[in-house]
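Naming convention: chains lettered A, B, ... in sequence-line order (proteins, then strands); numbering from 1 in each chain.
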Number of protein chains: 2
Amino acid sequence: MAIRPAEQLIHKAAWLYYAHGLRQDEVANQLNISRASVAMYLRKARETGIVNISTSTQLFTDDVMARRLEDALKLDAVWIAPENAYLADPSTDIAVLAASVFLELVRKGDRIGVAWGRTVYTIADIMSYADLQDVTVVQLCGNLGAPYSYRPDQCTMEIARRLNAKGLNFYAPLVLSTEELAQGLRAEPVIRDQLAGISDCDLALYSIGAVDADSHLVKCGALTAAEMAALRREGAAGVIAGQIIDADGALLDCSYNRRVISAGLASLRAIEKRLMVVQEDSKFEPLLAAVAGGLCTHLVVGAHMAQRLLDHAGAPAEKAS
Amino acid sequence: MAIRPAEQLIHKAAWLYYAHGLRQDEVANQLNISRASVAMYLRKARETGIVNISTSTQLFTDDVMARRLEDALKLDAVWIAPENAYLADPSTDIAVLAASVFLELVRKGDRIGVAWGRTVYTIADIMSYADLQDVTVVQLCGNLGAPYSYRPDQCTMEIARRLNAKGLNFYAPLVLSTEELAQGLRAEPVIRDQLAGISDCDLALYSIGAVDADSHLVKCGALTAAEMAALRREGAAGVIAGQIIDADGALLDCSYNRRVISAGLASLRAIEKRLMVVQEDSKFEPLLAAVAGGLCTHLVVGAHMAQRLLDHAGAPAEKAS
DNA sequence: CACGGCTCTCGACAAAAGTCAAATTTGAAT
DNA sequence: ATTCAAATTTGACTTTTGTCGAGAGCCGTG
């Protein structure tokens, strides 16, 4: 009886405890094990996603500001993390909220596209586990060599792991040195299939990158700070799924973009729910660009950013309720 | 500060505790209230469905028997509550399982049809609360006058309450004394709309009734025991949403059925997910009839019933793995 | 304006859950 | 067959959580 506790026992314990509402010692009796074991099983059940504890994110959408933003930016839904309040670290709050929202948007059987970045990885990292068997998580863009934890493949894998889902990785570099090579690689069946499968996604999760020397593209060596600055002068406004967009949210016509292996903007727009999460206030303009380009239908931001967006949108018919 | 704790506070407390993982005393500090209050808010949050604790019902479908039943009966999914084990009362286990399954099947924005009966009411009664705002629960059939708690309207209302959803009740008797009156009533705009709206449902929840003197139809005075016995001789095999079906799951051609105000079988079949829950072993034949009539796509039963169903289905290619 | 009735709040106690190091068992490799 | 490392279980302890009755603020009513 001291063999493999297996899913079986964990499941039974979780069932009796959470579904039937027995106490831990009652569960222990039923299953003929010690209460300590039950406690352990229950922790495992929570960690595995066999039991799911989720809190409604309603409050954050019900917010007046959120509603106004939805109207102003023509988005399906907006969640605003109140920054002043509660927690020490506001950006954590945004990530926690984003993780909840994400889990709320996922359905069984979904196909999910995941981009990369510190924000996305933070979300993956704090996201609780869930037991979504038929879910597939696909990587939206090629990889970077850098050993950062927020690399595209890491983000994809981690989220897949949390969801008990299949992770479909993308075994190609994000950027190549010549356009020809990129073109050739994109034509490769393995890569082509992956790229083609992106528009079949039901949900996408990404953030937006700024066009400056702090960008991950620079940190990871895909571009030099100087090249970045040059692109900026040419109209680069943001980075999404490794690609550079202009202020209208269109793909910037530049060599870099032609050397990238990533989900085309059209494929991204074909995804029904596009969840964008922005933590840093500095990403105001990149975010505007992404919204302009219709790359985002669901948005999670902090209160401060929300206010700036609203102000920018030209205070559409102030209504004091 | 001793005013309306409102949803606001409950929500904040739940958020900090469940999403951020703070301890109750930490939450109490953040919100400047006593820990006791926090504990209370958290209970309310759980009771309201602001936080959702659900346990995966996977184990009960992963069961070998469940899989075989799915194949044998051509159902989308089957859940089997292990009867021998765990609990004192097996029928409670079935209801708890059914409630979990039900909540797993509901999506935001869904329209849900609910029939009636002791089983359905039991499920409603133990079902945990959820925060599904855009859900509508519609009553599938007319009412009975009897003061039982499991009347159609009670079932509908209770489930709507648990889901924080709108309940659409059906203000007509289940059975009338003449066919003409029934016909007339069915033509009434209010009633007609309700009936017409049933096929738009995404999910239905019902059980199946036996054709005997214990039937609720008899207890509630819709039929006498003698009439029931007569119907049985005429081929009645089960009762679904107040209507009598034969062994093939077709509507029995009888005066009673013509006097009933209820969702037509065709409307029921038009509902994508039809969740049938059967607690009593005695409902074997009625269940067969319902399955034969395609009135059920998702099934929750006890282990004993499952075994009987499998045996009946003629042991399709025994495979020992 | 005083009076219940109401709900919300808090302190203190009881109950339940979480944790840890030691003991036991398992499975595999020597 | 024996040994060892890893995994599992447990009892004892600590921390956290649930609950109760008393008290405090609010509101409509007489």
Using whole Å, report how far CD1 of B/I33 lies from P of D/dT17. 14 Å
So, do B/V138 and B/I112 sit near enough that their side-chain heavy atoms are less than 4.5 Å apart? no
Can you tell whether the side chains of A/R35 and A/E26 come within less than 4.0 Å, N to carboxylate O? no
Check: B/N143 side chain, B/F170 main-chain N or O, donor-acceptor pair, under 3.5 Å: yes
What is the distance, rounded to the nearest whole Å, between atom CG of A/N32 and atom C1' of D/dT9? 13 Å
How about A/F60 and B/W15: are their ring centroids closer than 6.0 Å? yes
So, using side-chain contact (heavy atoms from CB on, under 4.5 Å) as the criterion, who are the partners of B/D76 when residues are at least two apart? B/T297, B/H298
Any side-chain heavy-atom pair of B/V300 and B/W79 under 4.5 Å: yes
A correct 5'-to-3' footprint of nucleotides 13-18 of chain C, with B, S and - meaning base, sugar-phosphate only and no protein heavy atom under 4.0 Å, is ---SBB
When the distance from CE of A/M40 to C1' of D/dT10 is rounded to whole Å, what number comes out? 11 Å
Considering only side-chain heavy atoms of B/K44, which listed nucleotide, D/dT9, C/dC8, C/dC10, is closest? C/dC8
Is B/S34 close enough to C/dT9 that one of its side-chain N or O atoms is under 4.0 Å from OP1 or OP2 there? no
Nucleotide D/dT19, atom C1' - distance to OH of B/Y41 in whole Å: 16 Å
Which nucleotide in the set C/dT9, C/dT19, D/dT19 lies at the smallest distance from any side-chain heavy atom of A/A36? C/dT19
